Visitor: 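The structure's right below; bear with me while I get my questions together.
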Protein chains: 2
Amino acid sequence: MDAEQAVAVAPMFKALGDPVRLRLMSMIASVPEMCVCDLTPAFDLSGPTISHHLKVLREAGLVDSERRGTWVWYRVRPEAFRQLGALLDLPAPEGA
Amino acid sequence: MDAEQAVAVAPMFKALGDPVRLRLMSMIASVPEMCVCDLTPAFDLSGPTISHHLKVLREAGLVDSERRGTWVWYRVRPEAFRQLGALLDLPAPEGA
DNA sequence: ACCCTGTTTTGACGCCTGTCAAGCTAGACG
DNA sequence: CGTCTAGCTTGACAGGCGTCAAAACAGGGT
């Protein structure tokens with residue numbers, strides 16, 4: 001992996017490097033799409049804080065959001081997941 | 001994924017969420033083990049800074065280090081990689 | 001015992017992050 | 001148009017992070 005690719009991919013890992021965002025990601029990935037109104041009550045955090053975390057996930061390219069009427073829906077961007085998964089398939093060292 | 005698991009795993013993603021650490025990890029994972037003396041010159045950073053990043057990777061459980069004589073050698077902890085990879089195999093949403 | 005090289009620790013600095021309160025915007029419904 | 005709800009943005013604050021210089025530590029060689 002060269003420096004350029006590292007700079008491109010690191011933000012995705014960084015976005016997942018917070019327990020709240022990891023749970024948000026897991027919840028969103030477990031269904032085709034998820035309403036913010038169902039995400040927020042799962043945490044002991046203010047609405048703005050959840051909104052902030054969702055923005056981080058969005059800007060990392062991990063999720064997409066869409067407003068439909070009153071509610072906003074989030075879904076995962078599967079190509080981002082594939083990119084991360086491919087990176088973790090690094091050649092396993094001997095003795096693994 | 002429950003909150004407890006998220007708290008346990010997030011530090012691994014967080015450790016990979018820096019371009020320097022991602023490259024370090026990639027370099028270490030590409031061979032059975034890697035000497036710090038070969039890692040440091042690959043970056044335009046001071047020795048202490050590289051040492052700091054290696055410590056973060058170590059404390060996240062991603063690598064192990066061992067001093068042999070003059071030099072210190074790093075190698076990946078494959079079980080950590082497997083744990084991360086398993087998490088990224090989340091059920092893909094329809095329309096992927 | 002002493003120094004020389006390789007690595008880590010400590011201390012300090014500025015920037016980034018997670019959080020909340022308060023204010024703002026978008027859409028639905030009278 | 002007014003107002004209600006859902007969600008986002010802004011501003012502020014404490015704590016964390018990346019970096020380096022300086023100092024400390026570990027081994028090997030002389």
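From a predicted model like this one, the values you see are computed outputs, not experimental measurements. Chain letters run A, B, ... following the sequence lines, proteins first, then strands; residues in each count from 1.
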Visitor: Let me see the working for A:E59 and A:K55 under side-chain contact (heavy atoms from CB on, under 4.5 Å), right down to the final yes or no.
Guide: CA-CA 6 Å; A:E59 290 179 343; A:K55 183 178 185 179; 3.2 Å; yes
Visitor: Rounded to the Å, how far apart are A:L24 CG and C:dG18 P?
Guide: 12 Å
Visitor: Quick one: do B:D64 and B:R77 make a salt bridge, cutoff under 4.0 Å?
Guide: yes
Visitor: So, is B:R21 close to the D:dG18 phosphate, meaning a side-chain N or O under 4.0 Å from OP1 or OP2?
Guide: yes
Visitor: 5'-most contact on DNA chain C: A:D18 or A:R67, nearest heavy atom basis?
Guide: A:D18
Visitor: Less than 4.0 angstrom between a side-chain N/O of A:T49 and OP1 or OP2 of C:dC20, yes or no?
Guide: yes
Visitor: So which nucleotide from D:dC8, C:dG18, C:dT9 ends up closest to the side chain of A:H52?
Guide: C:dG18
Visitor: Compare side-chain N and O positions of B:S51 against OP1 and OP2 of C:dT8 and report whether any pair is under 4.0 Å apart.
Guide: yes
Visitor: Taking OP1 and OP2 of C:dC20, is either one under 4.0 Å from a side-chain nitrogen or oxygen of A:S46?
Guide: yes
Visitor: Quickly work out the B:M34 CE to C:dG6 P distance and round it to whole Å.
Guide: 16 Å
Visitor: Please check if B:V31 and B:L62 belong to a single hydrophobic cluster, counting links between Ile, Leu, Val, Met, Phe, Trp and Tyr side chain heavy atoms closer than 4.5 Å.
Guide: yes
Visitor: Rounded off to whole Å, could you give me the NZ-to-P distance for the B:K55 and D:dT19 pair?
Guide: 16 Å
Visitor: With a 4.0 Å cutoff (strictly under), does any side-chain N or O of B:Y74 reach OP1 or OP2 of C:dT7?
Guide: no
Visitor: Go through D:dG16, C:dG18, C:dG6 for me and flag the one nearest to the B:K14 side chain.
Guide: D:dG16
Visitor: Let me know, please, whether A:V56 or A:G69 comes out on the 5' side of the other along DNA chain C by nearest nucleotide.
Guide: A:V56
Visitor: Find the distance B:D38:CG to C:dT7:C1' and express it as a whole number of Å.
Guide: 14 Å
Visitor: Side chain of B:P48, heavy atoms from C-beta onward: which of D:dC8, C:dT19, C:dT9 has the nearest atom to it?
Guide: C:dT9
Visitor: Could you walk me through whether A:W71 and A:V36 pass the side-chain contact (heavy atoms from CB on, under 4.5 Å) test, one step at a time?
Guide: CA-CA 7 Å; A:W71 297 285; A:V36 175; over 6 Å; no
Visitor: Return the nearest nucleotide to the side chain of A:L45; candidates are C:dC20, D:dC8, D:dG27.
Guide: C:dC20
Visitor: How close or far is atom C1' of C:dG6 from atom CG of B:L54, stated in whole angstroms?
Guide: 13 Å
Visitor: Salt bridge between A:E33 and A:R68, side-chain N to carboxylate O under 4.0 Å?
Guide: yes
Visitor: To the nearest Å, how far apart are B:E59 CD and D:dG16 C1'?
Guide: 14 Å
Visitor: What is the separation between atom CD on B:E66 and atom P on C:dT7, rounded to the nearest whole Å?
Guide: 14 Å
Visitor: As a test of reading the structure: which of C:dG18, D:dC20, C:dT8 is closest to the side chain of A:H53, going by heavy atoms?
Guide: C:dG18
Visitor: Round to the nearest Å and state the distance from A:I50 atom CD1 to C:dT19 atom P.
Guide: 8 Å
